[in-house]
Every structure is written in C-alpha cells, then in structure tokens.
Amino acid sequence: MKKVSAKEQKSKQYEEYLWEEGVLTFEQFQKAGMEHLLQEAVESEVEEFLGRKRYEHTTSSDEQLRGYRNGYYDRFIKSAEGRYHVQHP
C-alpha cells in the first residue's frame, strides 16, 4: 500500500469537490480550497525547515540532522470564515 501525504490527500479531495456532480455551495468550495492551501503551506514550511522533501535523506554525513518526520497530527485552524482541518507533520 502506497503512503500518501496529507498534501496529496487534500489535493485529491479538492479535485473530487470540483468534479462532483450536484450543487456545490460557495462555502463548501471555499472551505475545501482554503484547507488545500493551508496544507500546502504547512508541508512546504516543514520541507524548508528540514532542508529535504518527504522520504529524502541528507547527502552528507557531516550535515547535522535538523529534525525528522513522524506522522501527522490533526489540527484545526479557526478564522473568521470558519474552522479548517489541517494535518500537521
């Protein structure tokens, strides 16, 4: 079974919302888009901090390990527009 990142899960969920038949309210569309955007931002921030992407290792033995990934934690971000679900690495 292939491991799928939270960013890829949110992308797939967002695409499903776009192609789903039926009426999609503006609020649902906005919430899905905002969750997708926030997930992308969190993932890129972690990649920048660690200096490597998911499943990459440091190339040099003298580079100091800045941290590691150990799964995801469910977090909720509250804003004036509502509550957004983000999986924090």
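Only heavy atoms go into these numbers, but all of them, side chains included; no hydrogens, no water, no symmetry mates. FYI, the numbering just counts along the sequence from 1. Values in this document were obtained by computation on a predicted structure and should not be read as measured data.
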Find out if a path of hydrophobic residues (ILVMFWY) with successive side-chain heavy-atom gaps under 4.5 Å connects Val46 to Val86.
no
Consider only side-chain heavy atoms of I, L, V, M, F, W and Y, link residues closer than 4.5 Å, and tell whether Ile77 and Val42 are in one cluster.
yes
Nearest heavy-atom contact between Tyr84 and Ser79 is CE1-OG, 3.2 Å
From His36 NE2 over to Gln9 CD, what is the distance, rounded to the nearest 0.5 angstrom?
13.0 Å
Any donor and acceptor pair, going by atom type alone, linking the side chain of Glu35 with main-chain N or O of His85 inside 3.5 Å?
yes
Tell me, yes or no, whether the heavy-atom count around Tyr73 atom OH, taken from other residues, nucleotides or ligands under 6.0 Å, exceeds 12.
no
Gln30/Glu81 under side chain to side chain contact (heavy atoms under 4.5 Å, CB included): CA gap, chis, key distance, verdict:
CA-CA 9 Å; Gln30 185 261 344; Glu81 287 79 30; 4.1 Å; yes
Residues, nucleotides or ligands: over 12 heavy atoms within 6.0 Å of Glu45 CD
no
Do any N or O atoms from the side chain of Gln87 and from the backbone of Gln39 form a donor-acceptor pair under 3.5 angstrom?
no
Quick one: pull up CG in Leu38 and CZ in Arg75 and give me the separation to the nearest 0.5 Å.
14.5 Å
Provide the closest heavy-atom pair for Ser44 versus Ala41 in the form atom of the first, atom of the second, distance.
OG-O, 3.0 Å
